Amino acid sequence: MSDFIQEGKAKILAGKDVFYNPVQCFNRDMSILAAMVVSNDMESEWNERQEKKASQKTKALQSQTHKQKSTNDTLLEEGEKRLCLNDDLPDPTQFPGLSLLDALAASGLRALRYFSEIPQIHTATANDFDEDAVKAINDNITLNNFDRNRFHAHQGDATFFMNSAKNSHQYFDIIDLDPYGTAAPFLDSAILCLSEGGFLSVTCTDMGVLAGNHVDACFNKYGVVPHKAKYCHEMAIRILLSCVAQHAARHGKYIVPLMSLSVDFYVRCFLRVFTSPSKSKNTACKLSHMYQCNTCPAFWLQPLAQCTISNKSQRDQRKHAGEDIHVTYKYKVVPSFPFDFNVVDGEIRCGCCHYGRILSGGPIWSERIHDPVFVQKMVAILRVADDGTGTNIPPIQPIFQTKKRMLGTLGVIGRELEDNPFYYSFHDLCGFFRMSPVSPMLLAIFLIQNGYKVSNSHTAPVHIKTSAPPQVVFDFFRHIIRLRQPERLNEVPAPDAAEESSSESEKENDEEQKHPVQAKEGKRKGLSPAVVFLVNTNTTTNPPNLEEFELISGNTDTPIPPRLADLKAQLQTNMSFSSNEKGKNDDPTSLLPRPRFIPAPKGFGPKAKAHKGPVSQARLEKQQKKEDEKKAKRQAIKDHYEQLYGKKGE
């Protein structure tokens, strides 16, 4: 037998001409962990339904007369005899197990791991269109000694197979879609053959399309017009969820996202699909248009529709009585703009910079993309797999090769804001305002002190999510500029930037609509009128206290007042700049990464008065010393060659 590859508790034969990507081990580990949590939830939900049916049956029997009871007892005895005659029928008092479909299996490794590491899965099907891949799956089934009555390999088109399964009333509880490229062609068939409350895992690797590089391709595949902006990774997640939600709504279904990731070169979404024609109508309220200024980093969202209860008396009656009363919902389009704007020459201009045009896109999913309870359950199981401690230990211990990365990613996801789509790139904001970067933690402190929520994004440590409007975020940079560079308050736009800006405003540029102007700002030598206007605009918030920042960041030995201690605790709850966790205790949430406070850079803060410029004297001396050493080294090499070959011209 040839060598094999071990991943988790499954093995596949090596040397086969079937696609196997070891980089996707993190994807498979996350999928197994998520399916493990969902399987436990499905089993508990099934037990609750059985208990409810048993209690209803008991109440019905107790309310009948003695004659009816005797008749029912006779019927029950006959039914039990029929069940005893056929041993193949499942026991109605035991959980029947779950069915799995890996629609695009390749070597079948993902389906093999599902089957071997999740005890609730009773049957599994691995499908692939390639004949060699199906042969490899059969060989891997033999290698792992799996029962072929429970694990099946199927060759055929994934869409046709799922449609035929739905037509034959064969539904799957877990469906995994991991294609090469987009998963949009498989969504409709997957949703139709998914059981009630089924678990759907979707991966899309066409990040160039989802990130806004190809507007036409994104609209054709997902039905969404994207933006090319710094929040492209989260936008890719929300575009995929919007596409899945619209596919489900066509069949009277709705989705509940459990966790979504943007990792490496792909996006991965875990969600459950339920059937409810009334709740599926609420899908329009969960989708929003997105508006982006093509000059400054400001963005806004506007829902497609909003839902109201048409009868107020029924709403109050339901609220106070707590009874399940049929309530009629009314859906209507939101008429107003979600942003401040100015009208210049008949065109809508940004209300923040008073210069840029507003680009429209969408619709994207604007509800939450993570379930905090679900993430905590994943962390708890991962901790059990880590050291074997804790409660609710699963019957089969999972094996995760990317355990540390999973802990860090889940930790940051657990701290993300739920109701605030998109984020700001801190480096992009500093570059737009033409200022040297400061600590991102200072911006977080400023926003919290002004009453807004703030957190990191799992896509990058410098991506900041907040509930603050763009004007408040820009106020922070205005304050910093006035503290560090007060001479910029009197600056004027550079001639080349002003001429370029005026020429762009006069003509319609298709490329500008596809790529916002802020991508070109870094190439300009001078300042644009938008930057000058934002710097000189009056602020509506108080400037940040740099001394308090020094106390919170731990750069001084001065004791922290109680008010600042509470602020620091809030930062530790919401913010994170590290993905490694060292300590553990009895609380599963302690595995969430601890924040690493970044000290204030040199030349900034209360001690900045000792420096005459942004670069210290010691740093200048160090740079000069390096230059002198390089010159001496070059001169030594030159002298050596002159001794060997003589000077030039001799």
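This is a predicted model, so every value here is computed, not measured.
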For this session: Name all residues meeting the salt bridge (charged side-chain N to carboxylate O under 4.0 Å, His left out) criterion together with Asp264; count only those two or more places apart in sequence or in a different chain, and write none if there are none.
Result: Arg405
For this session: Would you mind reporting whether Ile12 and Phe4 have side-chain heavy atoms less than 4.5 Å apart?
Result: no
Seminar exercise, completed: In this structure, CG of Asp102 is separated from OG1 of Thr125 (nearest 0.5 Å) by 10.0 Å
Seminar exercise, completed: When every non-hydrogen atom of Ala249 is compared with those of Ser280, the smallest separation belongs to CB-O, 4.2 Å
Exercise. Donor-acceptor pair, Thr409 side chain versus Met406 backbone, under 3.5 Å?
Worked result: no
For this session: Could you tell me which non-hydrogen atom of Cys25 sits nearest to which non-hydrogen atom of Gln401, and how far apart they are?
Result: SG-OE1, 3.7 Å
Exercise. Parallel, tilted or perpendicular: which describes the rings of Trp46 and Phe95, with under 30° parallel and over 60° perpendicular?
Worked result: perpendicular
Exercise. Under a 4.5 Å cut-off applied to non-hydrogen side-chain atoms, are Met378 and Met30 in contact?
Worked result: yes
Problem set entry | Atom NE2 of His233: over 12 foreign heavy atoms under 6.0 Å | no
Problem set entry | Distance, nearest 0.5 Å, that separates OH of Tyr266 from CE of Met207 | 11.0 Å
Exercise. Are the charged groups of Glu45 and Arg272 less than 4.0 angstrom apart, N to O?
Worked result: yes
Exercise. Hey, does the side chain of Ser457 reach the backbone of Ile464 with a donor-acceptor pair shorter than 3.5 angstrom?
Worked result: no
For this session: Decide yes or no for Val215 and Pro226: does some side-chain heavy atom of the first lie under 4.5 Å from some side-chain heavy atom of the second?
Result: yes
Exercise. Is there side-chain contact between Lys403 and Leu382, with at least one heavy-atom pair below 4.5 Å?
Worked result: yes
Problem set entry | Check against side chain to side chain contact (heavy atoms under 4.5 Å, CB included), His227 and Met290 | CA-CA 8 Å; His227 286 159; Met290 49 184 178; 3.9 Å; yes
Problem set entry | Residue pair Leu177 / Leu187, side-chain heavy-atom distance below 4.5 Å | yes
For this session: Could you check if a side-chain atom of Phe270 sits within less than 4.5 angstrom of a side-chain atom of Val38, using non-hydrogen atoms only?
Result: no
Exercise. Which heavy atom in Cys269 sits nearest to a heavy atom in Ser260, and how many Å separate them?
Worked result: SG-OG, 3.8 Å
For this session: Determine yes or no for a side-chain-to-main-chain donor-acceptor pair under 3.5 angstrom, with Arg148 supplying the side chain and Asn138 the backbone.
Result: yes
Problem set entry | Listed once per pair and sorted, the salt bridge (Lys or Arg N to Asp or Glu O under 4.0 Å) pairs that draw on residues 19-35, sequence neighbours left out | Glu7-Arg28, Asp29-Arg113
Exercise. How would you list, by chain and number, every residue that makes a side chain to side chain contact (heavy atoms under 4.5 Å, CB included) with Phe146, sequence neighbours excluded?
Worked result: Leu112, Phe115, Ser116, Ile141, Asn144, Phe151
Exercise. Is it true that atom CZ of Phe160 has more than 12 heavy atoms of other residues, nucleotides or ligands lying nearer than 6.0 Å?
Worked result: no
For this session: Could you verify whether a donor N or O on one side chain and an acceptor N or O on the other, from Asp206 and Tyr222, lie under 3.5 Å apart?
Result: yes
For this session: Would you tell me whether Ser44 and Glu48 have side-chain atoms, one donor and one acceptor, within less than 3.5 Å of each other?
Result: no
For this session: Kindly determine whether Asn27 and Val263 satisfy side chain to side chain contact (heavy atoms under 4.5 Å, CB included), including the steps that lead there.
Result: CA-CA 9 Å; Asn27 186 340; Val263 184; over 6 Å; no
Exercise. Leu410 and Leu33: side chain to side chain contact (heavy atoms under 4.5 Å, CB included), yes or no, with the steps?
Worked result: CA-CA 11 Å; Leu410 292 173; Leu33 182 59; 4.0 Å; yes
Exercise. Taking Asn456 for the side chain and Pro461 for the main chain, is one N or O donor matched with an acceptor at less than 3.5 Å?
Worked result: yes
Exercise. Can any side-chain N or O of His458 pair as donor or acceptor with the backbone N or O of Ser262 at less than 3.5 Å?
Worked result: yes
Exercise. Going by heavy atoms in the side chains, are Gln292 and Phe422 under 4.5 Å from each other?
Worked result: no
Exercise. Atom CD1 in Ile137, atom OG1 in Thr142: separation rounded to 0.5 Å?
Worked result: 12.0 Å
For this session: Starting at CE of Met36, measure out to CG of Asn40 and round the result to the nearest 0.5 Å.
Result: 8.0 Å
For this session: May I ask you to decide if Ala245's main-chain N or O and Thr283's side chain share a donor-acceptor pair within less than 3.5 Å?
Result: no
Exercise. Considering residues at least two apart in sequence or located in another chain, which fulfil the side-chain hydrogen bond (donor to acceptor under 3.5 Å, both in side chains) criterion with Lys377?
Worked result: Asp41
For this session: Could you walk me through whether Gln246 and Ser242 pass side chain to side chain donor-acceptor pair (under 3.5 Å), step by step?
Result: CA-CA 6 Å; Gln246 293 183 63; Ser242 172; 3.0 Å; yes
Exercise. Should Arg268 and Asp176 count as an ion pair when the cut-off is N to O under 4.0 Å?
Worked result: yes
Exercise. At what distance, to the nearest 0.5 angstrom, does OG of Ser366 lie from CG of Leu301?
Worked result: 6.5 Å
Exercise. Under 3.5 Å, is there a donor-acceptor pair linking the side chains of Ser467 and Asn420?
Worked result: no
Problem set entry | Pairs meeting criterion salt bridge (Lys or Arg N to Asp or Glu O under 4.0 Å) with involvement of residues 234-261, two or more places apart | Glu234-Arg238, Glu234-Lys465
Problem set entry | Closest contact, heavy atoms only, Val244 versus Ile255 | CG1-CG2, 4.0 Å
Problem set entry | Check: Ser107 main-chain N/O paired with Asn140 side-chain donor or acceptor under 3.5 Å | yes
Exercise. Would you say Thr123's side chain and Arg150's backbone share a donor-acceptor pair under 3.5 angstrom?
Worked result: no
Exercise. Which heavy-atom pair separates Leu287 from Pro363 by the least distance, and what is that distance?
Worked result: CB-CB, 4.2 Å
For this session: Would you indicate whether the side-chain heavy atoms of Phe199 and Ser39 approach each other to under 4.5 Å?
Result: no
Exercise. Are Thr275 and Glu196 close enough that a side-chain donor and a side-chain acceptor fall under 3.5 Å?
Worked result: yes
Problem set entry | Residues Trp365, Lys286; criterion side chain to side chain contact (heavy atoms under 4.5 Å, CB included); working and verdict | CA-CA 6 Å; Trp365 179 267; Lys286 300 178 182 179; 3.5 Å; yes
For this session: Could you tell me whether a side-chain N or O of Ser99 sits under 3.5 Å from a main-chain N or O of Tyr171, the two making a donor and an acceptor?
Result: yes
Exercise. With distance as the sole test, does Arg368 use its side chain to make a donor-acceptor pair with the main-chain N or O of Asp419 at under 3.5 Å?
Worked result: no
Exercise. What heavy-atom pair brings Asp173 and Gly97 nearest, and what distance separates the two atoms?
Worked result: OD2-O, 4.1 Å
Problem set entry | Residues forming a side-chain hydrogen bond (donor to acceptor under 3.5 Å, both in side chains) with His154, sequence neighbours excluded | Asn127
Exercise. Which value, rounded to the nearest 0.5 Å, describes the distance between Tyr254 atom OH and Phe274 atom CZ?
Worked result: 5.5 Å
